[in-house]
Asks: 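Take a look at this one; I'll ask things after.
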2 protein chains.
Amino acid sequence: MTLPRRGRPGHDLDAVLAAAVTLFNARGYDATSMDDVARSLGITKSSVYHHVRGKQELLRTAIGHALDGLDDAMTQVRGLADATALERLETLVRLSVLVLTSRLPYVTLLLRVRGNSAVELDALQRRRAFDHEVTALVKAAQAEGSIRPDVDPATAARLLFGMVNSLVEWYSPDRGNAGELATTVTALAFDGLRPRSP
Amino acid sequence: MTLPRRGRPGHDLDAVLAAAVTLFNARGYDATSMDDVARSLGITKSSVYHHVRGKQELLRTAIGHALDGLDDAMTQVRGLADATALERLETLVRLSVLVLTSRLPYVTLLLRVRGNSAVELDALQRRRAFDHEVTALVKAAQAEGSIRPDVDPATAARLLFGMVNSLVEWYSPDRGNAGELATTVTALAFDGLRPRSP
DNA sequence: GTCTATATCCTGATAGAC
DNA sequence: GTCTATCAGGATATAGAC
């Protein structure tokens, strides 16, 4: 994402973005001023405006990065033509966990957006499209008989990704391997907390 | 919660609180000004200050109501002396879903708090205490053999309540009975999405 | 790329009349 | 219980020098 910085002082857009996202996540977007962002970089507010058009652009860029990751995961899953719906859904859960963990600050920010501006409304719309596709996968897996038929597909989809998305509330890279976590999440989602008798 | 309003104009604290919480949830606490709250009630900002000492007090009262509900649920579960750890955990999940749905706006607000002030830090501390107790329950259920031993108790507890708490992102009272939803959540959490062979 | 200085507006909160 | 008027501080954003 970042081109190698060639020597010397000063920051680039990626540095400003990273600093902003960190603060947005820690204190909230609205509670973070451009001056906070500037001071966290050791520069002045005006200097920040040299790199970025405005506060909203920081938000738009950051949540766009998160949405692109999730869309990529969905695109990969769509490509699994020979797989069952259950396998596709399991793969989507696993890939989503990996996106959440690898782009943690960006996805964290995305999941806190409330639709307060055009930028945020766009993000919510893209999230809704993702959710609808998850619901369709659940429905298809039910038709296969590989997911219990006694739950509403939309509800199951929401609870499933509610669990997945809740990772952003506590996960940190040093708190364990992302691949193992993806396995745990998938196991709990599809097989439950109770032991399965083999 | 509200005494029957005896005739005529003017609002009371509960009305101001309800209006504030609605806006806090829709746009975020920081993005909501006291003037927004006032205008949504059809009065001026100064009139709001007649009912409430300040913006923080609105937040404190609202999230206190949510925390009290969750603490009550935990207290009930602690009282089940004859129950297994699994039964206690299942009961806690069910009661938590009922608290989330019955106090939806307050719990929604609580779950979005980031620790930006003394009020918010207090709330986070009470949430942490709740989480620790859930982890202890999971551990006890594992010791009984009623929860799979291959997952870290703290991780399982977080994912479990991540799923439960995600309700606030989409539930609305007219979207189905809360008791049924609690049953669905419990079934998915403990038995998973896959069908169980009886 | 960063700075100082400034414009403009909105914020939470208070005083005091009706 | 609501109003008008007001305050001090902080917000986003811009202009222009270095």
Side-chain angles (χ1 to χ4, degrees), chain A residues 2-63 109 113-114 116-120, chain B residues 2-63 109 113-114 116-120:
Chain A
T2 314
L3 293 170
R5 300 232 65 246
R6 253 168 318 169
R8 311 247 276 67
H11 303 87
D12 58 10
L13 194 146
D14 283 346
V16 174
L17 186 64
V21 170
T22 299
L23 289 174
F24 290 167
N25 284 331
R27 322 186 198 176
Y29 174 77
D30 291 289
T32 304
S33 73
M34 290 296 266
D35 198 47
D36 291 332
V37 176
R39 269 185 284 108
S40 91
L41 287 164
I43 60 179
T44 61
K45 197 169 41 161
S46 300
S47 300
V48 172
Y49 279 95
H50 174 78
H51 298 285
V52 70
R53 299 182 93 83
K55 197 182 174 184
Q56 292 245 29
E57 189 184 287
L58 286 169
L59 184 63
R60 191 176 50 74
T61 308
I63 64 186
L109 192 56
V113 147
R114 295 297 147 205
N116 247 344
S117 61
V119 168
E120 300 191 15
Chain B
T2 315
L3 291 170
R5 299 232 68 247
R6 253 167 320 168
R8 307 256 274 62
H11 303 87
D12 58 10
L13 194 147
D14 283 346
V16 174
L17 185 65
V21 171
T22 299
L23 289 173
F24 291 167
N25 284 330
R27 329 194 212 189
Y29 174 77
D30 291 290
T32 304
S33 72
M34 290 298 265
D35 198 46
D36 292 331
V37 176
R39 270 186 282 108
S40 90
L41 288 164
I43 59 179
T44 62
K45 195 167 47 160
S46 301
S47 300
V48 171
Y49 279 94
H50 174 78
H51 298 284
V52 69
R53 297 181 94 85
K55 196 182 174 185
Q56 292 244 27
E57 189 185 285
L58 286 169
L59 185 64
R60 191 176 51 75
T61 307
I63 64 186
L109 191 57
V113 147
R114 296 297 147 205
N116 247 345
S117 62
V119 168
E120 300 190 14

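Just so we're on the same page: letters track the sequence lines, and every chain starts at 1.
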Asks: Report, as a single string ordered 5' to 3', how protein heavy atoms within less than 4.0 Å touch nucleotides 5-17 of chain C: B base, S sugar-phosphate only, - not at all.
Replies: B-----SBBBB--
Asks: Taking the side chain as every heavy atom from C-beta outward, state whether B/Leu23 and B/Ser40 have any pair of such atoms under 4.5 Å apart.
Replies: yes
Asks: Any ring pair (Phe, Tyr, Trp, His ring centres under 6.0 Å) pairs touching residues 31-55 of chain B, not counting sequence neighbours?
Replies: none
Asks: Measure the spacing between CG of B/Asp36 and CG of B/Leu41 and express it to the nearest 0.5 Å.
Replies: 11.0 Å
Asks: Tell me: NE2 of A/His51 to P of D/dA13, nearest whole Å?
Replies: 16 Å
Asks: Does B/Thr32 offer a backbone N or O that forms a donor-acceptor pair with the side chain of B/Lys55 under 3.5 Å?
Replies: yes
Asks: Measure from the side-chain heavy atoms of B/Thr44 and tell me the nearest of C/dG1, C/dC3, D/dC3.
Replies: D/dC3
Asks: What is the minimum heavy-atom distance between A/Met34 and A/Val48, and which atoms define it?
Replies: CE-CG1, 3.8 Å
Asks: For C/dT2 and A/His11 - does any side-chain N or O of the residue sit under 4.0 Å from the phosphate oxygens OP1/OP2?
Replies: yes
Asks: Tell me whether the side-chain N/O atoms of B/His50 come closer than 4.0 Å to OP1 or OP2 in D/dT2.
Replies: no
Asks: Identify the two heavy atoms, one from A/Asp30 and one from B/Arg27, that lie closest to each other, and give their separation to 0.1 Å.
Replies: OD2-O, 4.5 Å
